[in-house]
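Below you'll find the structure, written out as structure tokens, and then a few comments.
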Amino acid sequence: MTTQTDIPPAETGGERRSWLREHSELGVCALLLALGVLVLTDALTMDVDIAQRGPVGPKTVPIVVGAGLLVIAGLLALDVLRGGRGQAEGGEDIDLSEPADWRTVLLLAGVFLGAAVLIEPLGFPVAGALLFWGAAFALGSRRVDRDPLIAAGLSLVTYTVFNNLLGVPLPGGPLMGVL
């Protein structure tokens, strides 16, 4: 005969939320899983003639990365379900009691968006210089005598390495006739 005390109480919404809060790292697992599936799907549906590229073609690295993402997602999920917990970062340069610096985040996001918009009409050397200078400004550097020169030099070196040494064509923009 079953008594009232033998019947387990029904799981409530509060208990479910508590379990999800304790296992919030599973969200990272889901993100890694989705990203791995996306990368593998993209790589496997890539239209490449293997005879033109050789045995190691453009599909190889995305397949390895996608498979790695799936393995990491599975291992992390297993660790979380076994009771593993991520620890809050507490390095000497991080103060967890301070709020996030949203001004810097928004400035950096604006600089990246601006560089993405300007790269086609102005070319990589100019857009890259603005990107590097803007990032330095957003992160706190106020050296207007030095930062633009370093940004321009870094942008030109990056353009040269990618365009000439690696064979990755970047838009040159109107300055390419001058340079």
Side-chain angles (χ1 to χ4, degrees), residues 8 11-117 119-120 124 127-128 131-132 134-141 151 154-155 157-163 165-171:
E11 186 175 292
T12 64
E15 291 174 3
R16 185 174 297 128
R17 279 191 294 269
S18 174
W19 187 88
L20 287 174
R21 185 169 289 134
E22 290 173 6
H23 297 88
S24 61
E25 291 93 346
L26 290 176
V28 175
C29 299
L31 180 68
L32 291 173
L33 179 72
L35 193 58
V37 168
L38 178 69
V39 169
L40 279 176
T41 303
D42 229 15
L44 294 174
T45 58
M46 192 183 298
D47 187 30
V48 176
D49 185 12
I50 191 76
Q52 293 177 350
R53 297 287 183 184
V56 178
K59 286 185 174 185
T60 306
V61 172
I63 288 174
V64 169
V65 169
L69 285 168
L70 294 180
V71 168
I72 289 172
L75 291 174
L76 181 60
L78 186 64
D79 180 54
V80 170
L81 293 174
R82 287 184 174 176
R85 301 265 316 158
Q87 294 181 359
E89 188 162 352
E92 63 185 47
D93 59 340
I94 297 173
D95 187 3
L96 297 176
S97 65
E98 290 292 319
D101 184 8
W102 288 107
R103 179 184 177 274
T104 302
V105 172
L106 293 175
L107 278 172
L108 282 172
V111 166
F112 283 118
L113 182 61
V117 169
I119 196 167
E120 195 61 40
F124 183 84
L131 170 70
F132 295 136
F137 181 84
L139 293 172
S141 179
L154 188 58
S155 181
V157 167
T158 304
Y159 176 80
T160 303
V161 167
F162 273 86
N163 201 51
L165 298 178
L166 297 176
V168 177
L170 296 174

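All values below were derived from every heavy atom in this structure, side-chain atoms included, with hydrogens, water molecules and symmetry-related copies excluded. Numbering starts at 1 and runs along the sequence shown.
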Distance from [X] atom [atom1] to [Y] atom [atom2], nearest 0.5 Å?
X: Phe132; Y: Thr158; atom1: CZ; atom2: OG1; result: 4.0 Å
X: Asp101; Y: Leu139; atom1: CG; atom2: CG; result: 9.5 Å
X: Leu106; Y: Leu113; atom1: CG; atom2: CG; result: 12.0 Å
X: Glu25; Y: Leu81; atom1: CD; atom2: CG; result: 10.0 Å

Can you name the closest pair of heavy atoms from [X] and [Y] and give their distance?
X: Ile63; Y: Leu40; result: O-CD2, 3.6 Å
X: Ala73; Y: Leu32; result: CB-CB, 3.8 Å
X: Lys59; Y: Met46; result: CE-O, 3.0 Å
X: Leu107; Y: Ala138; result: CB-CB, 3.7 Å
X: Val111; Y: Leu131; result: CG1-O, 3.5 Å
X: Ala43; Y: Pro62; result: CB-CB, 3.5 Å

(request) Sort out for me which residue in Val37, Leu38, Val39 forms a side-chain contact (heavy atoms from CB on, under 4.5 Å) with Thr41. (result)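 When side-chain contact (heavy atoms from CB on, under 4.5 Å) is applied between Thr41 and each of Val37, Leu38, Val39, only Val37 qualifies.
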(request) Let me know which of Leu166, Val168, Leu170 forms a side-chain contact (heavy atoms from CB on, under 4.5 Å) with Val161. (result)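 Result for side-chain contact (heavy atoms from CB on, under 4.5 Å) with Val161: Leu166.
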(request) Keeping the roles fixed (side chain from Ser155, backbone from Ala151), state whether a donor-acceptor pair exists under 3.5 Å. (result)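 Side chain of Ser155 to backbone of Ala151: no pair is present.
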